[in-house]
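Step one of this worksheet: look at the structure below.
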Amino acid sequence: MENGFGFPIGGVAAFDPRRGGVVSPGGVGYDINCGVRLLRSGLTADALEGRLPGLMDRLAARIPAGLGRGYAGVGLRNVDIRRLLRGGAEWAVEVGLGEPEDLARIEDGGRLAGADPEAVSDRAIERGRDQVGTVGSGNHFIELGCVDAVYDAVAAEGLGLAPGTVTVLIHSGSRGLGHQVCDDFLPTMDRIAEYHGIRLPDPQLACAPLDTAAAQDYLGAMRAAANYAYVNRQVMAQRVREVFAERLGASAALALVYDVAHNIAKFERHRVDGEERELCVHRKGATRAFPPGHPALPGALQGLGQPVLLPGDMGRCSYVLLGTEGAFAETFGSCAHGAGRRLSRRQAKRAAAGRDLDAELAGQGVEVRASSRATVAEELSEAYKDIADVVDVVDRAGIGR
DNA sequence: ATGTAC
């Protein structure tokens, strides 16, 4: 785990509403429903031979990236954003941004029930208005790749991930809208916690008992921001589909494998001390990892378990795991969400000074497009732990396989 | 993570 303020990144906290349990914005994180989505094509890597640079340029032109970056021209700024916040990816598919089959392949069907757009401040809505379908900054990305190694042939076939298959991995969240929701509620929660006699060693542990109006308002706003993030990833996936169709033809159709939320709080049933309970499960930098047979999984994934998407850094592979009974028994059905930093951003920039990172990556067969050179330096491969080590640990711990 | 805050 890395240090976060308050709750750690890579943390899971479950609270029982009938026993004084709380919800905490800091247990979800600033980037509400930050998450990862994996798509697969019918192509193998050889189909991209010589076409990768042009494809990357087109994707970069169609999908804005970088701090504050939204749509300068035609975007979704004129849509009824409150309908978007209530409907999530369901809304997106209704207005033609995606296929109906996509929805079963998104956590919560792409729509968290109970979203309350009225609990989202006008400021948050304005910040999010022109950022639908944008990557953001930091470690957010769109990655083209291909299946390099298969560890379970039956599972890989079930997910449509045959060796060589060209894939698209998208990592992003709720942009300025979710950030503003978190900012808006932290001071409120601080007062509520104090009123209820909850002593906080860190202001980012601010929380409110689940039976308070403040908790319900936060949950309503958080769910709205989560739906915004599902739409954001849905719209980016649509843009990628358009670019693939335009450049590679009909055979390049992209099917959604799965979309996970790794910064979120949800009500779920878990067994604690031999008793089945409905708990408010916070996952901050943690991926849900439900086992085979869990009712939240769509039919096609019932026999496999929930896909757990673990991105590696630019110089390494990304991994697809499956949720397990072990995770359900020990971690409220949760697994890791990525590699985690080894070097701070400052240390990474220092390590990158004077080097030609684009050339180094090109030597590894990796093409990069970034909103700034600083981003590439901060996301330096050696700034991250080796995701293969993380996968090995969670596999041996039995919380993902 | 984020129109970092001052």
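Chain naming here is simple, since letters A, B, ... match the order of the sequence lines and numbering starts at 1 in each.
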Integer-rounded Å distance: [N] [atom2] and [X] [atom1]:
{"X": "A:Ile9", "N": "B:dT2", "atom1": "CD1", "atom2": "P", "answer": "13 Å"}
{"X": "A:Tyr30", "N": "B:dA5", "atom1": "OH", "atom2": "C1'", "answer": "12 Å"}
{"X": "A:Arg69", "N": "B:dT4", "atom1": "CZ", "atom2": "C1'", "answer": "17 Å"}
{"X": "A:Asn232", "N": "B:dT2", "atom1": "CG", "atom2": "P", "answer": "10 Å"}
{"X": "A:Glu126", "N": "B:dT2", "atom1": "CD", "atom2": "C1'", "answer": "17 Å"}

Margin query: Applying side chain to side chain contact (heavy atoms under 4.5 Å, CB included), can you list everything that pairs with A:Ala352, at least two apart in sequence or on another chain?
Written below: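 Partners of A:Ala352 under the side chain to side chain contact (heavy atoms under 4.5 Å, CB included) test: A:Leu357, A:Ala377, A:Leu380.
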Is it the case that the side chains of [Y] and [X] hold a donor-acceptor pair, with the cut-off being a distance below 3.5 Å and no angle test?
{"X": "A:Arg342", "Y": "A:Gln347", "answer": "no"}
{"X": "A:Arg283", "Y": "A:Ser334", "answer": "yes"}
{"X": "A:Ser174", "Y": "A:Asn33", "answer": "no"}

Next item on the list: State whether the side chain of A:Thr212 and the backbone N or O of A:Ala215 hold a donor-acceptor pair below 3.5 Å, judged by distance alone.
Entry: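 Judged by distance alone, yes, a pair lies under 3.5 Å.
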Item checked: Parallel, tilted or perpendicular: ring planes of A:His270 versus A:Phe328, cut at 30 and 60 degrees -> tilted
Notebook entry, point to check: When you measure from every atom of DNA chain B, which of residues 174-185 of chain A have a heavy atom less than 4.0 Å away?
Noted result: A:Arg175, A:Gly176, A:His179
Notebook entry, point to check: Checking all strands, does A:Gly173 fall into the base, sugar-phosphate, or nothing category for heavy-atom contacts under 4.0 angstrom?
Noted result: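 Result for A:Gly173 = nothing.
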